[in-house]
Amino acid sequence: MTLHALDDQHLDHDLATIRIKNLRLRTFIGIKEEEINNRQDVVINAVIRYRADRAVAFNLIEQALNYRTISKQVIELVEEGRFLLLERMTREVLDLIMSHEQVLTAQVEIDKPHALRFADSVSITLSASRDPRRSR
């Protein structure tokens, strides 16, 4: 298990971190004719933080941020979409996650495997946050 150094944001014990790891999907991504006509693999990783005090206190799914719902929405968006740029796909996934009012911060990284010769993948990472005082 990897240990991470704690910083000031970890001192708020009501904040939960959800990590969606290596969500493997296929979509149309790219600008070359071959990319426009054929689905390619992408790998999505997301880190989502939300205030979980009510979920912890009441142990009810209605009080938690439902990561299954979010992942289903991401799957639908990516698999049904067509994207020229990895940056655009990453922004759309991030915006979808941030559309859930409970989300305080999110970071999305999307890898396009084999996009470069001699490299495992190329990835783009984008982040967003909202004022945590408005989410209480």
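These numbers come from the heavy atoms of this one structure, side chains and all, not from hydrogens, waters or symmetry mates. Numbering of residues begins at 1 and proceeds along the displayed sequence.
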Got a donor-acceptor contact below 3.5 angstrom from the Asn66 side chain to the Arg68 backbone? yes
Between Ile97 and the options Leu65, Thr105, Ile48, the side-chain contact (heavy atoms from CB on, under 4.5 Å) test singles out Ile48
Asn59 atom CG: more than 12 heavy-atom contacts under 6.0 Å: no
Check against side chain to side chain donor-acceptor pair (under 3.5 Å), Thr27 and Glu79: CA-CA 5 Å; Thr27 191; Glu79 289 191 337; over 6 Å; no
Rounded to the nearest 0.5 Å, what separates atom CZ in Arg49 from atom CZ in Arg19? 8.5 Å
Inter-residue atom distance Asp53.CG - Phe58.CZ, 0.5 Å rounding: 9.0 Å
Please report the interatomic distance CD1(Ile75) to CZ(Arg26), rounded to the nearest 0.5 Å. 14.5 Å
So with a 6.0 Å cut-off around CG of Leu116, is the heavy-atom count from everything else above 12? yes
With heavy-atom distances below 4.5 Å as the criterion, would you say the side chains of Ile31 and Leu84 are in contact? yes
Walk me through whether Arg51 and Leu104 qualify under side chain to side chain contact (heavy atoms under 4.5 Å, CB included). CA-CA 8 Å; Arg51 190 160 302 288; Leu104 297 176; 4.2 Å; yes
CG/Leu94 to CD1/Ile44 distance, rounded to the nearest 0.5 angstrom? 11.5 Å
When you measure from the side chain of Arg24 to the backbone N and O of Asn22, does any donor-acceptor pair fall under 3.5 Å? yes
Does the side chain to side chain contact (heavy atoms under 4.5 Å, CB included) test come out yes or no for Val42 and Ile110, once each step is laid out? CA-CA 7 Å; Val42 292; Ile110 301 183; 4.0 Å; yes
Dump the intermediate steps for side chain to side chain contact (heavy atoms under 4.5 Å, CB included) on Ile29 and Met89, then the final yes or no. CA-CA 8 Å; Ile29 175 74; Met89 183 192 317; 3.6 Å; yes
Tell me, yes or no, whether the heavy-atom count around Tyr67 atom OH, taken from other residues, nucleotides or ligands under 6.0 Å, exceeds 12. no
With side chains defined as the heavy atoms from C-beta onward, is the minimum distance between Leu96 and Val74 less than 4.5 Å? yes
Of the options Ile18, Thr17, Thr125, which is the one that meets Val47 in a side-chain contact (heavy atoms from CB on, under 4.5 Å)? Thr17
Closest non-hydrogen contact found for Ala16 with Ala52 is CB-CB, 3.5 Å
If the threshold is 4.0 Å, N to carboxylate O, is there a salt bridge linking Arg88 and Glu92? yes
CG of Leu86 to CG of Leu126: how many Å apart, nearest 0.5 Å? 9.0 Å
Is there a donor-acceptor pair under 3.5 Å between the side chain of Arg130 and the backbone N or O of Gln102? no
CA sep, side-chain torsions, deciding dist, call: His100, Gln73, side chain to side chain donor-acceptor pair (under 3.5 Å): CA-CA 11 Å; His100 292 264; Gln73 292 172 340; 2.7 Å; yes
So do Asn45 and Val108 actually touch side chain to side chain, heavy atoms under 4.5 Å? no
Nearest-0.5 Å distance, CZ of residue Arg54 to CG of residue Asp14: 11.5 Å
Flag, side chain of Gln107 to backbone of Ser127, donor-acceptor distance under 3.5 Å: no
Determine, stepwise, if the pair Ser121 / Lys112 fulfils side chain to side chain contact (heavy atoms under 4.5 Å, CB included). CA-CA 5 Å; Ser121 69; Lys112 185 177 174 186; 5.9 Å; no
May I ask you to decide whether Glu35 forms a salt bridge with Arg82, counting only side-chain N to carboxylate O separations under 4.0 Å? no
Should Phe28 and Val43 be counted in the same cluster of Ile, Leu, Val, Met, Phe, Trp and Tyr side chains packed under 4.5 Å apart? no
